[in-house]
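Everything on this sheet refers to the single structure shown next.
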Amino acid sequence: MPKKYIINVIPGDGIGKEVIPIALKVLKKLSRKFNFILEFKSFDYSCDYYIKNGSMMDKDGLKKLEDCHAILLGSVGMPSVADHISLWGLLIPIRRAFDQYVNLRPVKSLKGIDGVLRDKKSIDYLIVRENTEGEYSDIGGIKNQNRPDEFVFQQSVFSKKGTERIVNYAYELAIKRKKKLTSATKSNGIIHSMTYWDSIVEILSKKNPNVKTSKYHIDILCAQIVKNPDWFDVIVASNLFGDILSDLGPVCTGGMGIAPSANLNPDGKFPSMFEPVHGSAPDIYGKNIANPIATIWCCVMMLDHLGQTVAANILFNCIEKATLKKRFTPDLGGDMTASQFGDYICLLIEEC
Ligand code: NAD
Ligand code: IPM
Ligand code: MN
């Protein structure tokens with residue numbers, strides 16, 4: 001009997017609505033070829049949904065989304081709805097409710113794509129971003145409003161459990177890779193949470209003597225991942241620092257159009273969610289020119305997660321066959337539309 005997986009799909013907003021159908025077409029092709037079944041259930045949770053219904057998803061939306069093997073998401077956010085409403089009404093609640101505490105964001109050169117750096121050395125490192133707490137918090141508020149001493153405060157939360165588990169996860173990956181781990185910190189300026197982060201990294205580094213641990217303040221880390229990307233292999237970072245690094249990294253390898261990400265619940269108690277790093281790109285939405293590589297690469301990560309590793313590897317190879325032949329969308333200097341690129345990947349799968 002072929003294995004069957006239920007995938008809950010949220011195209012979301014903007015180019016999410018363009019790249020997700022392309023990814024589904026590719027996945028259908030692949031599942032037929034490799035004899036497994038993917039059942040897609042689509043959810044229209046988005047800014048349009050908010051405008052119609054007054055919320056980003058229905059009351060039992062999380063309950064409905066939970067029932068699956070994985071979630072595939074396009075992007076969330078449009079100028080029609082304030083970002084803090086749309087993102088905190090859909091993306092962030094999913095990450096938190098399903099305890100997707102690891103946000104894994106590979107930064108890896110693809111064959112045939114030079115990237116923007118003068119030195120065209122190949123880049124390959126993993127950003128392990130904490131995904132459920134840290135600087136992203138709803139604790140805060142405005143005080144003394146409309147008085148001369150008005151101020152706003154925003155609390156960060158770094159729990160012992162939350163910090164330990166993300167650093168431990170990063171060590172597990174480092175052990176499987178080059179045994180090198182870099183911690184992103186800023187304990188020279190942020191003296192409570194970041195010194196706490198450093199102390200946990202230090203304790204766990206002693207438990208992992210075979211891994212070479214280094215720490216960089218986030219400012220110089222940004223400089224070094226541009227200047228010397230080959231110094232890095234696994235980088236563990238808080239929610240905000242990981243977010244910043246995961247736009248900076250891909251812009252060096254080729255841009256937001258090729259950056260995948262996985263929101264993982266490593267315990268497997270809840271579904272994990274796969275979504276590109278990029279947003280809804282309102283500036284190019286509706287033109288069929290968004291690069292679908294990031295989302296197709298997310299499908300590679302999703303298939304790996306589901307245990308369909310052969311199909312995952314084949315799909316990644318197809319992406320690189322296309323990029324090697326310079327067959328891609330305008331953001332990388334090519335002349336294909338998004339859907340033409342998707343069809344080309346389907347053709348490459350067929351030829352495998
Ligand atoms: P963005 O990633 O949407 O776009 C930044 C730039 O990158 C734009 O010039 C865009 O055209 C380009 N770009 C992005 N993806 C591309 C692709 N696949 N192919 C070609 N070019 C691509 O970031 P933004 O403009 O800061 O955000 C737009 C909206 O998306 C906002 O509402 C933001 O909050 C939201 N957002 C959502 C997510 C998410 O859902 N995970 C991530 C980032 C931003
Ligand atoms: C990302 C995005 C989100 C984040 C935003 C849209 C809340 O930038 O997934 O990188 O910061 O996590
Ligand atoms: Mn981001």
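Heavy atoms only: backbone and side chains are in, while hydrogens, waters and symmetry mates are out. In each ligand, atom 1 is the first atom listed, and ligand 1 is the first ligand listed.
Proximity of a side-chain donor or acceptor of N8 to a complementary backbone N or O of I71 within less than 3.5 Å is not detected. Here the side chain of K25 pairs no donor or acceptor atom with the backbone of D343 at under 3.5 angstrom.
Taking the ring-ring contact (aromatic ring centres under 6.0 Å, His included) definition, one finds that F341 meets it with nothing, sequence neighbours left out.
In this structure, the side chains of M56 and Y50 come closer than 4.5 Å at one or more pairs of heavy atoms. Counting heavy atoms from C-beta outward, M273 and L91 have side chains that approach closer than 4.5 Å.
With N239 as the fixed residue, the side chain to side chain donor-acceptor pair (under 3.5 Å) test singles out one of R95, R129, E135: R129.
Relative ring orientation between H305 and F274 is described as tilted, the plane-to-plane angle lying within the 30° to 60° band. Classified by interplanar angle (parallel below 30°, tilted 30° to 60°, perpendicular above 60°), the ring pair W231/Y216 is tilted.
Residue F241 is grouped with residue I220 when hydrophobic side chains (ILVMFWY) are merged at heavy-atom distances under 4.5 angstrom, including chains of intermediate members. Note: the hydrophobic cluster containing I6 does not contain V9 (ILVMFWY, side chain heavy atoms under 4.5 Å, direct or indirect links).
Here the Mn ion (ligand 3) has protein N, O or S atoms under 2.8 Å from it, and they come to 1.
Aromatic rings from F43 and Y45 are positioned such that their centres are separated by under 6.0 Å.
The local environment of CG in D335 is sparse, with at most 12 non-hydrogen atoms from other residues, nucleotides or ligands closer than 6.0 Å. For NZ of K3, the number of neighbouring non-hydrogen atoms (other residues, nucleotides, ligands) closer than 6.0 Å is 12 at most.
At a heavy-atom cutoff of 4.0 Å, ligand 1 is surrounded by I15, S75, V76, G77, M78, D83, L87, L91, M256, G257, E275, V277, H278, G279, S280, A281, P282, D283, I284, A290, N291, D331. Listed by chain and number, residues touching ligand 2 at under 4.0 Å (heavy atoms only) are L87, R95, R105, R129, Y136, D243.
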